[in-house]
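The structure under discussion appears below in the form of structure tokens.
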Amino acid sequence: MTPFRETVLAIVAQIPEGRVTSYGAVAAMAGQPRAARGVGWILNHLPADTDLPWWRVVNRDGGLSTYKLPGGMGPLQRARLEAEGVELDEGVQVRDQRFWWEPWRSDR
DNA sequence: AGACTGACTCCAA
DNA sequence: GTTGGAGCCAGTC
């Protein structure tokens with residue numbers, strides 16, 4: 001049994017460049033559709049020097065949840081995404097669903 | 001040991 | 001369509 005945390009990290013690491021997905025989607029892929037909160041906790045506690053593309057994980061509305069955190073991570077996440085070609089609306093939300101990465105789901 | 005908290009999401013009323 | 005409650009993971013009090 002791979003710990004939930006390890007599974008989540010592995011999934012996030014597989015998100016293609018220039019694409020985003022949601023906490024719930026990651027949790028669902030990890031086998032627990034309701035553990036979005038756990039995913040959020042895990043990402044919030046990532047080491048500062050992690051290679052993990054945590055900026056490709058947003059909430060289910062395409063919004064950057066990092067904007068509610070201290071440390072100016074919000075703008076940082078936006079900059080990371082834009083640098084990969086993801087277009088954002090008002091700097092807080094993914095503009096188009098074509099940037100979405102949810103291989104198991106087609107309606108978003 | 002029990003309760004509370006947080007980058008969230010789903011379901012029922 | 002909006003509101004409220006429940007569920008999940010890991011850490012802290």
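Chain A is the first sequence line, chain B the second, and so forth, proteins listed ahead of strands; every chain is numbered from 1.
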Using a 3.5 Å distance criterion without hydrogens, assess whether the side chain of [X] forms a donor-acceptor pair with backbone atoms of [Y].
X     : Y      : answer
A:T21 : A:W101 : yes
A:D61 : A:G63  : no
A:E84 : A:G18  : yes
A:R56 : A:I15  : yes

For atom [atom1] of [X] and atom [atom2] of [N], their distance in whole Å:
X     : N      : atom1 : atom2 : result
A:L46 : B:dG6  : CG    : P     : 19 Å
A:R37 : B:dG6  : CZ    : C1'   : 6 Å
A:Y23 : B:dC10 : OH    : C1'   : 17 Å
A:E6  : C:dC9  : CD    : C1'   : 13 Å
A:L52 : B:dA7  : CG    : P     : 18 Å
A:R34 : B:dT9  : CZ    : C1'   : 8 Å
A:W54 : B:dC8  : CH2   : C1'   : 17 Å
A:L69 : B:dT5  : CG    : P     : 17 Å

Each nucleotide N or O in nucleotides 10-13 of chain C that has a protein N or O under 3.5 Å away: list the pair and distance.
none

Review point. Within the structure shown, what part of the strands sits under 4.0 Å from A:N59 by heavy-atom distance: base, sugar-phosphate, or nothing?
Key: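 Sugar-phosphate contact only.
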
Check your understanding: Taking only side-chain nitrogens and oxygens of A:K68, does any of them come within less than 4.0 Å of OP1 or OP2 of B:dG6?
Key ->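 No.
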
Exercise for review: Indicate whether OP1 or OP2 belonging to C:dG7 is found under 4.0 Å from a side-chain N or O atom of A:Q32.
Suggested key: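 Answer no for this pair, as no side-chain N or O of A:Q32 is under 4.0 Å from OP1 or OP2.
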
Practice item. Let me know, please, whether A:P33 or A:P70 comes out on the 5' side of the other along DNA chain B by nearest nucleotide. Key: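 Its nucleotide being nearer the 5' end, the pick is A:P70.
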
Check your understanding: Going through the checks in order, is the salt bridge (charged side-chain N to carboxylate O under 4.0 Å, His left out) test met by A:R98 and A:E87?
Key -> CA-CA 10 Å; A:R98 66 191 144 105; A:E87 297 176 18; 3.4 Å; yes

Could you tell me how far [M] sits from [N] if I compare only their [atom1] atoms? Round to whole Å.
N     : M      : atom1 : result
C:dG5 : B:dC4  : P     : 14 Å
C:dG1 : B:dC8  : P     : 24 Å
B:dA7 : C:dG4  : C1'   : 22 Å
C:dC8 : B:dA12 : P     : 15 Å

Review point. What nucleotide, of B:dT9, B:dA7, C:dC8, holds the atom closest to the side chain of A:M73?
Key: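 The closest nucleotide is B:dA7.
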
Point to revise | Listed once per pair and sorted, the ring-ring contact (aromatic ring centres under 6.0 Å, His included) pairs that draw on residues 23-43 of chain A, sequence neighbours left out | key: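 Checked against ring-ring contact (aromatic ring centres under 6.0 Å, His included) - neighbours excluded - the pairs reaching residues 23-43 of chain A are A:W41-A:H45.
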
Check your understanding: Given side chains that start at C-beta, do those of A:W55 and A:L76 come closer than 4.5 Å, heavy atoms only?
Key ->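 No. Closest side-chain heavy atoms not under 4.5 Å.
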
Review point. Is there side-chain contact between A:Q77 and A:L81, with at least one heavy-atom pair below 4.5 Å?
Key: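 A side-chain contact under 4.5 Å exists here.
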
Review point. If a stem is a run of at least 3 consecutive Watson-Crick or G-U pairs, both distances under 3.5 Å, which stems include DNA chain B?
Key: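 Listed by first number, the stems are B:2-6 with C:9-13, B:8-13 with C:2-7.
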
Point to revise | Contact summary for A:A36 and A:A27, nearest pair of heavy atoms | key: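 In terms of heavy atoms, the two residues are closest at N-CB, 3.7 Å.
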
Check your understanding: Between A:L52 and A:L9, which heavy-atom pair has the shortest distance, and what is it?
Key ->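 Minimum heavy-atom contact is CD1-O, 3.2 Å.
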
